[in-house]
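Below: one structure, written as structure tokens.
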Amino acid sequence: MKSRTERPVGIGTGYLSIMMIFVVLCLTMLAALSYSTASTENGYSQKSGEYTKAYYAADLSAKQTLAAVDNAAAKYDDYTDFMLLAELDEIEGVEYTTLMDGLEVRWVTPVNKSQSISSVIRYSGVGFEVLEWRTVSANDPADKHLNVWNGE
């Protein structure tokens with residue numbers, strides 16, 4: 001027989017309530033962290049999408065400039081012809097250098113406040129060669145060299 005002073009062995013309702021509160025708090029914290037991470041990732045993807053859109057718009061503009069330069073150059077056999085150089089002067093942002101064997105044309109197309117697409121092409125013979133088509137920092141000149149010790 002059991003005496004009235006003995007307690008039954010087992011888990012009481014107080015322990016279950018404490019465990020349930022702990023589990024709910026843990027799940028709430030995980031939900032809050034997941035929401036915060038998802039919100040941050042959404043912001044990053046929005047910025048990435050905006051940059052991609054701006055980059056491809058600038059790339060299209062640079063290719064349109066290339067088409068305008070190529071249309072002007074296609075009419076002339078001599079790349080040092082005064083009329084060709086006058087047509088190149090009319091294309092916005094285009095700079096050129098006449099060479100012994102052809103013509104070098106360069107322009108910079110802005111992507112955003114901090115980056116631009118630098119383009120350089122060379123005409124010689126029957127067509128053009130792309131020497132440079134790269135993204136550069138708009139704040140630093142493209143020709144800036146690092147001050148690195150060269151062993152001397």
Side-chain angles (χ1 to χ4, degrees), residues 11 14-152:
I11 300 175
Y15 180 73
L16 287 177
S17 297
I18 291 174
M19 285 300 292
M20 195 60 147
I21 291 171
F22 179 73
V23 168
V24 168
L25 285 175
C26 287
L27 291 175
T28 304
M29 292 290 287
L30 288 174
L33 290 173
S34 295
Y35 178 77
S36 173
T37 301
S39 176
T40 302
E41 290 295 325
N42 184 36
Y44 289 148
S45 66
Q46 291 292 331
K47 286 181 184 179
S48 176
E50 290 169 7
Y51 173 77
T52 302
K53 182 178 177 182
Y55 175 81
Y56 282 110
D59 188 56
L60 175 64
S61 178
K63 288 178 181 175
Q64 289 171 339
T65 302
L66 173 61
V69 169
D70 195 41
N71 286 337
K75 299 180 224 171
Y76 301 94
D77 292 331
D78 181 16
Y79 294 124
T80 59
D81 190 316
F82 174 74
M83 293 303 292
L84 169 62
L85 301 180
E87 281 190 48
L88 291 178
D89 283 335
E90 293 178 6
I91 301 173
E92 185 178 343
V94 170
E95 299 174 359
Y96 59 86
T97 305
T98 55
L99 305 171
M100 295 294 277
D101 60 342
L103 178 70
E104 188 172 289
V105 184
R106 67 181 62 239
W107 66 95
V108 175
T109 309
V111 174
N112 53 30
K113 291 180 182 178
S114 61
Q115 289 183 325
S116 300
I117 297 175
S118 174
S119 308
V120 180
I121 58 171
R122 178 180 293 151
Y123 282 92
S124 60
V126 292
F128 69 88
E129 173 187 7
V130 177
L131 301 178
E132 177 179 296
W133 197 282
R134 66 185 177 119
T135 305
V136 295
S137 174
N139 298 333
D140 296 332
D143 298 331
K144 184 178 179 181
H145 298 287
L146 294 176
N147 188 15
V148 179
W149 183 63
N150 60 5
E152 295 177 0

Q) Counting heavy atoms not belonging to Asp89, are there more than 12 under 6.0 Å from its CG? A) yes
- Okay, side chain of Ser39, backbone of Tyr35: is any donor-acceptor separation there less than 3.5 Å? no
Rounded to the nearest 0.5 angstrom, the NZ-OG1 distance for Lys63 and Thr65 is 12.0 Å
Closest non-hydrogen contact found for Val111 with Ala54 is O-CB, 3.7 Å
Exercise. Check whether any side-chain heavy atom of Leu60 sits under 4.5 Å from a side-chain heavy atom of Gln64, and report yes or no.
Key: yes
Rounded to the nearest 0.5 angstrom, the CD1-CG distance for Ile117 and Asp59 is 4.5 Å
What I'd like to find out is whether the side chain of Arg122 reaches to under 4.5 Å of the side chain of Tyr79, using heavy atoms alone. no
Interatomic distance, OG1@Thr80 vs CE@Met100, rounded to 0.5 Å, equals 10.0 Å
Value for NZ (Lys53) from OG (Ser48), rounded to nearest 0.5 Å, stands at 13.5 Å
In this structure, CD of Glu129 is separated from CD of Glu104 (nearest 0.5 Å) by 10.0 Å
Could you check whether any side-chain N or O of Thr28 sits under 3.5 Å from a backbone N or O of Val24, counting only pairs where one atom can act as donor and the other as acceptor? yes
Could you check whether any side-chain heavy atom of Leu84 comes within less than 4.5 Å of a side-chain heavy atom of Leu103, counting everything from C-beta outward?
yes
For Glu87, the salt bridge (Lys or Arg N to Asp or Glu O under 4.0 Å) test, sequence neighbours excluded, returns Lys75
Check your understanding: Should Phe128 and Leu66 count as side-chain neighbours, where that means a heavy-atom distance under 4.5 Å?
Key -> yes
Scanning both residues in full, the closest heavy-atom pair of Thr109 with Ala62 reads OG1-CB, 3.5 Å
What one should report as the nearest heavy-atom pair of Ser116 and Val108 is CB-CG1, 3.4 Å
**Prompt:** Does the side chain of Tyr123 come within less than 4.5 Å of Leu99's, by heavy atoms?
**Reply:** no
* Asked: When you check the side-chain N and O atoms of Gln115 and Thr135, is any donor under 3.5 Å from an acceptor?
  -> no
Practice task
Determine whether more than 12 heavy atoms belonging to other residues, nucleotides or ligands lie under 6.0 Å from atom OH of Tyr51.
Solution key: yes
